[in-house]
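All ligand and atom numbering here is 1-based and tracks the order in the structure.
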Amino acid sequence: MKTYRIAAIPGDGIGTEVISAGVEVLQAVAAQDGGFSVAVDHFDWGGEYYKAHGRMMPENGRDLIRRHDAILFGSAGHPEIPDHVTLWGLRLAICQPFDQYANVRPTRILPGIVPPLRHVNGPELDWVIVRENSEGEYAGVGGRVHQGSPLEAATDVTMFTRAGVERIMRFAFALARSRPRKLLTVVTKSNAQRHGMVLWDEIAAEVAREFPDVTWDKMLVDAMTMRMVIKPGSIDTIVATNLHADILSDLAAALAGSLGIAPTANLNPEGQFPSMFEPIHGSAFDIMGKGIANPIGTFWSIVMMLDHLGQPAAAARLMQAIERVTADKTFHTPDLGGSARTAEVTRAVIGALSGANALG
Ligand code: NAD
Ligand code: MN
């Protein structure tokens, strides 16, 4: 029997709460499937580790997880440590060296969830956002000089490479092709940003020729926010830069009902390094420790992980169990307007999994 080695990195805040729920659910899926098992190694990296050791993860941290089959990540973000330290010290310290360049973020309105847009009926909003995850605005190029003096200056240089844009564009076109509508929107800001974003437009047109069966269009990012709200049904697959897609995907999550539901996969498509799966939300300082974090975003991320590991049947069973649970408002956490607790939602999903089995 195949055993998958999973590295669990809960991080901080509600990251620890949703990842322990996620590991329970993952073990339940494996037990119910019977065809594979999972061995989960826990890594206590994050803000508390930083307070003890002066860094977010050990120096050889990546070596400790390099040979795992996948990484399940919670959140980097601690109330007592600056956000750029926690983010660069942990999440980006894994994503970038492991070349997880394709960040995939599906958005759908799950059964039972009332989205904020009353004019939209559920099935109309069914998107996948592909975020370039290795360069662009978050390349880390830049610096600060003359700190504290009136001459102080700071730059964050956006960096695009032909190789980087081509590979994300090809990934997005291929993903769009695999979906029923075969429809891709390339988001840029090539009117104001006249170098890198123009390169994106040119490469989109080049790559499009390799995918004649995919219909594609271009949108400026500001106009895209409007289209997402006003005509969500006109969108299917989206590709955008690191920063633009970061923002668009929080909007997408809110339009689908809650940030607490939204999943993501940080993929190294070539499989040279493990890929990383995580809810898109952060540490949520306002609700941490209360036991009310919505774990659905983590569970859905585990669905993506199972698909990536080559267990599509188990992935489909878990998704079905999630949808049965969201359909019942008794199991809605406060972010969805309910009063359920993390542990109740977790038990309900594990219960629904056995139901899914009984139905075959
Ligand atoms: P956040 O996602 O932590 O919270 C935004 C709002 O959404 C809060 O009101 C929160 O209560 C709510 N929310 C988020 N997830 C929820 C869930 N599962 N269930 C119920 N409600 C949920 O974003 P923020 O407040 O901007 O950031 C807090 C910290 O998290 C910061 O340190 C930030 O840097 C970090 N962060 C980390 C990641 C990551 O590691 N991937 C992502 C985003 C933010
Ligand atoms: Mn974000």
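In this structure, Ala293 has a heavy atom closer than 4.0 Å to ligand 1. Residue contacts with ligand 1 do not include Leu87, since none of its heavy atoms lies under 4.0 Å from the ligand. Close to ligand 1: Ile280, with a non-hydrogen atom less than 4.0 angstrom away. Remark: distances from the non-hydrogen atoms of Thr333 to ligand 1 are all 4.0 Å or more. Taking a 4.0 Å cut-off on heavy atoms, Asp286 registers as neighbouring ligand 1. Within the structure, the closest approach of Thr86 to ligand 1 does not fall below 4.0 Å when heavy atoms are considered.
Nearest protein neighbour of atom 37 (C) of ligand 1, counting heavy atoms only, is Ala76 O, 3.0 Å. Atom 6 (C) of ligand 1 has Leu259 CD2, 4.5 Å as its closest protein atom, hydrogens excluded (heavy atom only). Looking only at heavy atoms of the protein, atom 18 (N) of ligand 1 is closest to Asn294 O, 3.0 Å. Annotation: atom 29 (C) of ligand 1 to nearest protein heavy atom, Phe285 CZ, 3.6 Å. The closest protein non-hydrogen atom to atom 14 (C) of ligand 1 is His281 CB, 3.5 Å.
Using the six-membered ring where Trp is involved, Phe98 and Phe273 have ring planes that are parallel, under 30° apart on the 30 and 60° scheme. Note on ring orientation: taking the six-membered ring where Trp is involved, the planes of Phe211 and Phe173 are parallel (angle under 30°, cut-offs 30° and 60°).
Taking 4.0 Å as the cut-off between side-chain N and carboxylate O, Asp33 and Arg317 count as a salt-bridged pair. Between Glu206 and Arg170 no salt bridge is recorded (no basic side-chain N to carboxylate O distance below 4.0 Å). Using a 4.0 Å cut-off between a side-chain N of Lys or Arg and a carboxylate O of Asp or Glu, Arg181 and Asp126 do not qualify as a salt bridge. Between Arg227 and Asp217, at least one side-chain nitrogen of the basic residue sits less than 4.0 Å from a carboxylate oxygen of the acidic one, meeting the salt-bridge criterion. Using a 4.0 Å cut-off between charged side-chain N and carboxylate O, Lys231 and Glu124 make no salt bridge. Between Glu17 and Lys290 there is no salt bridge, since none of the side-chain N atoms of the basic residue sits less than 4.0 Å from a carboxylate O of the acidic one.
There is no protein heavy atom closer than 4.0 angstrom to atom 12 (C) of ligand 1. Counting protein heavy atoms under 4.0 angstrom from atom 2 (O) of ligand 1 gives one or more. When distances from atom 32 (O) of ligand 1 to the protein are checked, a heavy atom turns up under 4.0 Å. There is a protein heavy atom closer than 4.0 angstrom to atom 21 (N) of ligand 1. Within a 4.0 Å radius of atom 25 (O) of ligand 1, the protein contributes no heavy atom.
The distance from the OG atom of Ser75 to the CG atom of Leu87 is 9.0 Å, given to the nearest 0.5 Å.
Numbered from 1 in the order shown, with element, the atoms of ligand 1 that lie under 4.0 Å from a heavy atom of Arg91 read 39 (C), 40 (O), 41 (N). Applying the 4.0 Å criterion to heavy atoms of Gly282 picks out, from ligand 1, the atoms 1 (P), 2 (O), 3 (O), 30 (O), 36 (N), 37 (C), 38 (C), 42 (C), 43 (C), 44 (C). Contact atoms of ligand 1 toward Glu278: 41 (N) (distance under 4.0 Å to a heavy atom of the residue). Under a 4.0 Å criterion applied to the non-hydrogen atoms of Ile14, ligand 1 contributes the atoms 15 (N), 16 (C), 17 (C), 18 (N).
By the 3.5 Å distance cut-off applied to N or O atoms, Ala284 is counted among the residues near ligand 1.
Aromatic ring centres of Phe36 and Tyr4: separated by under 6.0 Å. Ring centers of His195 and Phe160: at least 6.0 Å apart, outside the cut-off.
For the side chain to side chain contact (heavy atoms under 4.5 Å, CB included) with Val23, the qualifying choice from Val40, Ile6, Val18 is Val40, the only one to do so. When each of Asp246, Thr241, Asn242 is tested with Tyr138 by the rule side chain to side chain donor-acceptor pair (under 3.5 Å), just one qualifies, namely Asp246.
Hydrophobic cluster membership is shared by Ile113 and Val325, with clusters built from Ile, Leu, Val, Met, Phe, Trp and Tyr side chains linked at under 4.5 angstrom.
Taking all heavy atoms of Ser283, Gly74, Gly77 into account, the minimum distance to atom 30 (O) of ligand 1 is reached by Ser283. One option in Asp83, Leu92, Val18 has a heavy atom closer to atom 34 (O) of ligand 1 than any other, and that option is Asp83.
Summary: OD1 is the N/O/S atom of Asp246 found nearest to the Mn ion (ligand 2).
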